[in-house]
Number of protein chains: 2
Amino acid sequence: MIILVNIRDVARYCGVSAMTVSRALNNSNQISQATKEKILKACEELGYRPNFAARSLVTKKTNMVGLIIPDITNQYYSHVSKGVSSYLSLQGYGLLLCNSDRRKDDEIRYLNFLAEGRVDGIIILPVQPRKEDYEGIAKEIPLVMADNYAEGLDVSFVGNDNYHGASEIISHMIKQGFKRIGVILGHSSSSASNERFKAYKDVLKKNNIELDNEIVLNSNATFEDGFNLTKVLIEKGVDSIFAINDTVALGVVKYCYLNNIRIPEDIGVAGYDNIEQSSMLPVPLTTVDQNGNQMGKVAAETLLNLLADESTVAKKIILKPKLVIRKSLRENI
Amino acid sequence: MIILVNIRDVARYCGVSAMTVSRALNNSNQISQATKEKILKACEELGYRPNFAARSLVTKKTNMVGLIIPDITNQYYSHVSKGVSSYLSLQGYGLLLCNSDRRKDDEIRYLNFLAEGRVDGIIILPVQPRKEDYEGIAKEIPLVMADNYAEGLDVSFVGNDNYHGASEIISHMIKQGFKRIGVILGHSSSSASNERFKAYKDVLKKNNIELDNEIVLNSNATFEDGFNLTKVLIEKGVDSIFAINDTVALGVVKYCYLNNIRIPEDIGVAGYDNIEQSSMLPVPLTTVDQNGNQMGKVAAETLLNLLADESTVAKKIILKPKLVIRKSLRENI
DNA sequence: GTGAAAGCGCTAACAA
DNA sequence: TTGTTAGCGCTTTCAC
């Protein structure tokens, strides 16, 4: 960190006090237009840059926000990050990015790192959230949770309506004439997976289709699982498969292709997430778009509102995902 | 930014001076084990956190690095970011992420934002780099460029060997028996695209295959371009297509699928980038892996070395991409 | 409209 | 091993 010229150098150069320079830089109206212009010009000439540390030491503001996220290389999370980043940038804030790598201990480590006054507030997309991990820190620094909620915490939250998204796509499958819908879920401890499964059960019931647990499978939500479990489901006579995400759906698609099972004529396939490549498949995937970008924006907005008025009460914002109809569940809608 | 307790509160609580507390916190050896332990315990009890701004104001260190990147939602760049982030985290540094959105003006804006002493050094993956944009800032703050180089700048650089990567895959295509290799390039101003095209020409020459400019097409490197230009190339009788990236290759694959052209029996397809989904296609794509994660790590390492010893001379590190052989160019290797 | 004094929380340098 | 003093670069407060 090299500081070439400070506020006093500028003051001396202009024949004014440091205070006057400060006023010029901070757009105060307690200063005449003439001196302001003179000072700003001098700053240019001298290559002066205000010192961030000194400024934030006295103002107790950093104009920075911390974002703790499970995996920046995941398409969904990278879109969330971009949503956060774009909104912050617009409001003159910077972004301190912390990739927790889905590890609880790194998450906690980053939380403490940020709490040293490096940022004005934190947005966290927690991994396996437990109330105890956040209630302490939330008292020290404004915090917004997103994506994944810790029950019982008095903290603002922005999330996606998994129940709604799954209901939409399952209803659509039934409307398209599918009756025996196999499901490849994620891990049994994943709340997103569980909420979507609940929607599946409710929609089936509403349509008088009996639930068959034989065609509901748990998995690690990988491409390979999608591929392997498709064999199992097809042997059990499903006419369609709802995959917990598009990556799993890609596994389903590959199995079908290699076994000459046509999509959607022989079997319907539904995904979730709307990753970029799902529209690029030979038979593009019908899926659910969670709009991570929007979630990031809303989370950032919520946090900045909280910073502007810390007395704001915590609120829960649940975003509605959107059904994206393409061709993997037949065309005629 | 809420500061509950400062170093003097801890000092008072322990009956020592602030300086002693500072020593305990900074692992100085100028302090007895007993007092150190007592102080550390007191810090815990009082919930004391060192103040980042105050500390960096006096030490002139932030333990932060800025990363300016064109688009965090792009798979390649997100892997670069993760490489940077992981390495920094290991070394006790934080990451200030700036998404330039491929806009030159935002890039410059971020550069100035960071130069206010927010970070100790900067890694930038520039968009259309021009020497003039960086030579000023590089004198003020340690800078490492990556991915894309500004000619004539005396700054460290970490990049990928596009010529090598393309040579490898074109050579492989010829070895697999393809003779009339169509090419879908990117924009004519893209240096990566031009370097790969040069490799294409050289490898053809070395194998005594005459260059036919009719089957070399420029594009915007999109999925749609891949789809549309495949028609053109097939009409010109190519036996294979080298796409400038995997997204374009996905367009090629889709066109072939919809027109009952078999891969690799009827036509060979080669991509570049090794995006996650290229291995998930029914016929997985042979492509070139640039290993963005590695590039990020090396860039971060280079910068941290520079911070440790600013007299280090600028160096250029060119990483070798790796050919990834899958099935889209026939199996028998 | 401008300036002087004080201090944000911390550590470097020196003193004891 | 511990403490004192000074000051990092800036803004707040109050005086003029």
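What you see is a predicted model, and the numbers here were worked out from it, not measured in a lab. A, B, ... follow the sequence lines: proteins, then strands. Residue 1 opens every chain.
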**Study point:** Side-chain heavy-atom pair A:Asp106, B:Ser89 within 4.5 angstrom cut-off
**Key:** no

Exercise for review: Return the value, rounded to whole Å, for the distance between atom CG of B:Asp9 and atom P of C:dG9.
Suggested key: 9 Å

Check your understanding: Between B:Gln30 and B:Tyr48, which is nearer to the 5' end of DNA chain C once each is assigned its nearest nucleotide?
Key -> B:Tyr48

Check your understanding: So, do A:Ile39 and A:Arg23 sit near enough that their side-chain heavy atoms are less than 4.5 Å apart?
Key -> no

Review point. Between atom CD1 in B:Ile31 and atom P in D:dT2, what is the gap in whole Å?
Key: 6 Å

Review point. Just to confirm, is there a sub-4.0 Å distance from OP1 or OP2 of C:dT11 to any side-chain nitrogen or oxygen of B:Arg55?
Key: yes

Exercise for review: Please state whether the phosphate of D:dG3, meaning OP1 or OP2, lies under 4.0 angstrom from any side-chain nitrogen or oxygen of B:Thr20.
Suggested key: yes

Check your understanding: So, does B:Asp120 use its side chain to make a donor-acceptor pair with the main chain of B:Thr62 at under 3.5 Å?
Key -> yes

Exercise for review: State whether A:Thr35 places a side-chain N or O below 4.0 Å from either non-bridging phosphate oxygen (OP1 or OP2) of C:dT2.
Suggested key: yes

Point to revise | N/O (side chain, A:Ser22) to phosphate O (OP1/OP2, D:dC10) under 4.0 Å | key: no

Point to revise | Distance-only donor-acceptor test, A:Arg49 side-chain atoms vs D:dG9 base atoms, 3.5 Å | key: no

Review point. Rounding to a whole Å, what distance do you find between B:Arg8:CZ and C:dC10:P?
Key: 9 Å

**Study point:** Closest-nucleotide 5' rank along DNA chain D - winner of A:Arg23 and B:Val16
**Key:** B:Val16

Review point. Are B:Lys139 and B:Glu135 ion-paired here, with the side-chain N under 4.0 Å from a carboxylate O?
Key: no

Check your understanding: Could you state the CD1-P distance from A:Ile39 to D:dT11, rounded to the nearest angstrom?
Key -> 12 Å

Exercise for review: May I ask you to evaluate whether A:Asn6 reaches the phosphate of D:dC8, defined as a side-chain N or O under 4.0 Å from OP1 or OP2?
Suggested key: no

Point to revise | d(CD1, B:Ile7; P, D:dT2) in whole Å | key: 15 Å

Review point. NA contact type, A:Asn29, heavy-atom cut-off 4.0 Å: base, sugar-phosphate, or nothing?
Key: sugar-phosphate

Practice item. To the nearest Å, give me how far apart CE (A:Met19) and P (D:dT13) are. Key: 10 Å

Exercise for review: Would you kindly give the NZ-to-C1' distance between B:Lys36 and D:dT2, to the nearest whole Å?
Suggested key: 15 Å

Check your understanding: For D:dG9, does OP1 or OP2 lie under 4.0 Å from any side-chain N or O of B:Lys60?
Key -> yes

**Study point:** Check: B:Asn99/B:Tyr110 side-chain N/O donor and acceptor closer than 3.5 Å
**Key:** no

Check your understanding: Between C:dT11, C:dG9, D:dC10, which nucleotide has the shortest distance from any of its atoms to the side chain of A:Leu57?
Key -> C:dG9

**Study point:** Any B:Thr59 side-chain N or O less than 4.0 Å from OP1/OP2 of C:dA12
**Key:** no

**Study point:** Check: B:Ser156 and B:Lys315 side chains under 4.5 Å, non-hydrogen atoms
**Key:** yes

Review point. Using a cut-off of less than 4.0 Å, is there contact between a side-chain N or O of B:Asn26 and OP1 or OP2 of C:dT11?
Key: yes

Exercise for review: Pick base, sugar-phosphate or nothing for A:Phe52, based on heavy-atom distances below 4.0 Å to the nucleic acid.
Suggested key: nothing

Practice item. Report the distance from atom CG of A:Leu25 to atom P of D:dT11, rounded to the nearest whole Å. Key: 7 Å

